[in-house]
Amino acid sequence: MLLLPVIQPEAVAPARPRKPDWLRVKLPVGPEYARVRKLVDENKLHTICESGNCPNMGECWGAGTATFMILGNICTRSCSFCAVATGRPNEYDTDEPRRVAEAILTMGVKHAVITSVNRDELKDRGASIWHETVVRIKQLSPTTTIETLIPDVKANWEALDVMISGGQEVISHNVETVGSLYRLVRPQAKYDRSLEQIRRTKAAGHRTKSGIMLGLGEKKEEMYQAMDDLVANGLDILTLGQYLQPTKRHLEVAEFIHPDLFAHYREEGLRRGLKYVESGPLVRSSYHAERHVNVPI
């Protein structure tokens, strides 16, 4: 008798959730976008708009604004959600603060947002460049308000003190997700440590801000707890937006959150003591950032 091999049926991978209509964005176009694009390229500047594949790049650049990323474009962390390149940074440009400040002056930016990659290999985490960048911007453009979106300093509180002392109006540090998902989403970070960084920033008398991505598998109760934790540690402003998978190598989207739930979280955040909540599928840390300057400390 001829024995035929038993062919096992192929395992069917679960279907990925389809991107809903409310997440569709327009491609960046227009003369103002082109002008900002040219300026960024000519000054050899890095922007998180590009490195982070931000869905609002067309809207923000079209309005003549951009979020600048200092200290290079290679990060020492390997967060599973982030499109910024990971590796050993080979760039430490001491002239960068001047170039960023001059670009902001040329652009006529009224509100500038500055962020950076993590530079864990540096003893001061890049704090001296952070401080000088803010100081230089204020010297050249004294009426320009500034938000700094700073990285996790790994409990180097002396570095934090330097980072936040340049004269910026808003200091942001994103917790990114709820505590239970940190090992999956931010394996080199700690939820409690980020909360302490926010608490120390507030204790120094600053306007504090943070952001959380939704759709990574968080539960409602965990979101409520995260908001309570942030309020308890002195947070003023919270941004909530939909996580979008930047490449196939990154963490998949667990769920696309409906705009109604984003609206619910906004109301919950305000009810729980936050002073301002920017919440919506396409919201990112820097979205409508100019409005956050007026939030009372």
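Under the 4.5 Å side-chain heavy-atom criterion for Ile, Leu, Val, Met, Phe, Trp and Tyr, Leu23 and Met213 are members of the same hydrophobic cluster. Tracing side-chain contacts under 4.5 Å through hydrophobic residues (I, L, V, M, F, W, Y), one reaches Leu251 starting from Leu214; they form part of the same cluster. Two different hydrophobic clusters hold Ile146 and Val135 under the rule that ILVMFWY side chains link at heavy-atom gaps under 4.5 Å. By the rule that hydrophobic residues join a cluster once side-chain heavy atoms approach within less than 4.5 Å of another member, Ile198 and Val295 end up as members of separate clusters. Both Tyr191 and Val178 are part of a single hydrophobic cluster, where members link through side-chain heavy atoms under 4.5 Å apart.
Within a 6.0 Å radius of CD in Glu158, other residues, nucleotides and ligands contribute 12 heavy atoms or fewer. At most 12 heavy atoms of other shown residues, nucleotides or ligands fall within 6.0 angstrom of atom NZ in Lys190. Within a 6.0 Å radius of CZ in Arg183, other residues, nucleotides and ligands contribute 12 heavy atoms or fewer. Counting heavy atoms of neighbouring residues, nucleotides and ligands inside a 6.0 Å radius, atom NZ of Lys220 does not exceed 12 of them.
Between Pro151 and Arg125, the closest side-chain pair of non-hydrogen atoms is not below 4.5 Å. The shortest side-chain heavy-atom distance between Asp120 and Gln188 does not fall under the 4.5 Å cut-off. Between Gln197 and Ile150, some side-chain heavy-atom pair lies under the 4.5 Å cut-off.
Between the side chain of Glu147 and the backbone N or O of Val113 there is no donor-acceptor pair closer than 3.5 Å. Asp93 places a side-chain N or O within donor-acceptor distance of the main-chain N or O of Asp95, the cut-off being under 3.5 Å. At distances below 3.5 Å, not a single donor-acceptor pair connects side-chain atoms of Arg266 with backbone N or O atoms of Ser279. Not a single donor-acceptor pair under 3.5 Å links the side chain of Gln242 to the backbone N or O of His258. For Ser165 (side chain) and Val162 (main-chain N/O), a donor-acceptor pair under 3.5 Å exists by modelled atom type. Remark: side-chain polar atoms of Ser210 are paired, donor with acceptor, to backbone N or O of Val175 under 3.5 angstrom. Proximity of a side-chain donor or acceptor of Ser116 to a complementary backbone N or O of Ile70 within less than 3.5 Å is not detected. Panel note: side chain Glu222, backbone Gly179; no donor-acceptor pair is recorded below 3.5 Å.
Of all non-hydrogen atoms in His292 and Val170, the two that sit nearest each other are O-CG2, 4.1 Å. For Leu230 against Leu238, the heavy-atom pair with the smallest separation is CD1-CD1, 3.9 Å. Minimum heavy-atom separation, Ser285 to Lys209: O-NZ, 2.7 Å. In terms of heavy-atom proximity, Lys202 sits nearest to Asp236 at NZ-OD2, 2.9 Å. Minimum interatomic distance between Ala112 and Ile104 (heavy atoms only, all atoms of both residues): CB-CD1, 3.7 Å. The two residues Leu149 and Trp130 have their closest heavy-atom pair at O-CH2, 3.5 Å.
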Next item on the list: May I have the step-by-step check of side-chain contact (heavy atoms from CB on, under 4.5 Å) for Val283 and Phe262, ending in yes or no?
Entry: CA-CA 10 Å; Val283 168; Phe262 275 104; over 6 Å; no
Item checked: Worked check of side-chain contact (heavy atoms from CB on, under 4.5 Å) between Glu96 and Thr133 -> CA-CA 8 Å; Glu96 187 173 44; Thr133 299; 5.7 Å; no
Margin query: Run Tyr243 and Thr177 through side-chain contact (heavy atoms from CB on, under 4.5 Å) and show every step you take.
Written below: CA-CA 10 Å; Tyr243 166 67; Thr177 189; over 6 Å; no
Next item on the list: Kindly indicate, with the supporting measurements, whether the criterion side-chain contact (heavy atoms from CB on, under 4.5 Å) is fulfilled by Glu218 and Ile257.
Entry: CA-CA 11 Å; Glu218 70 287 337; Ile257 307 301; 4.2 Å; yes
Check: Is there a salt bridge (charged side-chain N to carboxylate O under 4.0 Å, His left out) between Arg119 and Glu121 once you walk through the steps?
Finding: CA-CA 5 Å; Arg119 295 298 298 260; Glu121 89 287 6; 2.7 Å; yes
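Asp192 pairs by the salt bridge (Lys or Arg N to Asp or Glu O under 4.0 Å) definition with nothing, not counting sequence neighbours. Listed by chain and number, the residues in a side chain to side chain contact (heavy atoms under 4.5 Å, CB included) with Ala232 amount to none (sequence neighbours excluded). With sequence neighbours excluded, no residue forms a salt bridge (Lys or Arg N to Asp or Glu O under 4.0 Å) with Glu278. Annotation: side chain to side chain contact (heavy atoms under 4.5 Å, CB included) contacts of Asp21 (sequence neighbours excluded): Arg24. In this structure, the side chain to side chain contact (heavy atoms under 4.5 Å, CB included) partners of Asp124, at least two apart in sequence or on a different chain, are Leu122, Ala127, Ser128. The salt bridge (Lys or Arg N to Asp or Glu O under 4.0 Å) check on Arg88 picks up nothing, with sequence neighbours excluded.
Across Thr148, Ile164, Asp152, a single residue satisfies side-chain contact (heavy atoms from CB on, under 4.5 Å) together with His173, and that is Asp152.
Between Glu169 and Lys138 there is a salt bridge, since a side-chain N of the basic residue sits under 4.0 Å from a carboxylate O of the acidic one. Residues Arg271 and Glu268 are paired through a salt bridge, judged by an N-O separation under 4.0 Å between the basic side chain and the carboxylate.
The distance from atom CG of Leu282 to atom CG of Leu244, rounded to the nearest 0.5 Å, is 7.5 Å. If you take CG on Leu240 and CE on Met227, they are separated by 7.0 Å, rounding to the nearest 0.5 Å. A distance of 8.5 Å separates NZ in Lys275 from CD1 in Ile237, rounded to the nearest 0.5 Å. Atom CG in Asn156 sits 8.0 Å away from atom CE in Met163 (nearest 0.5 Å). Atoms CG and CZ, on Asn233 and Arg200 in that order, are 11.5 Å from each other to the nearest 0.5 Å. Atom SG in Cys79 sits 9.0 Å away from atom OH in Tyr182 (nearest 0.5 Å).
Residues Arg284 and Thr67 have side chains that never bring a donor and an acceptor to within less than 3.5 angstrom of each other. Side-chain N/O atoms of Glu290 and Thr145 include no donor and acceptor closer than 3.5 Å.
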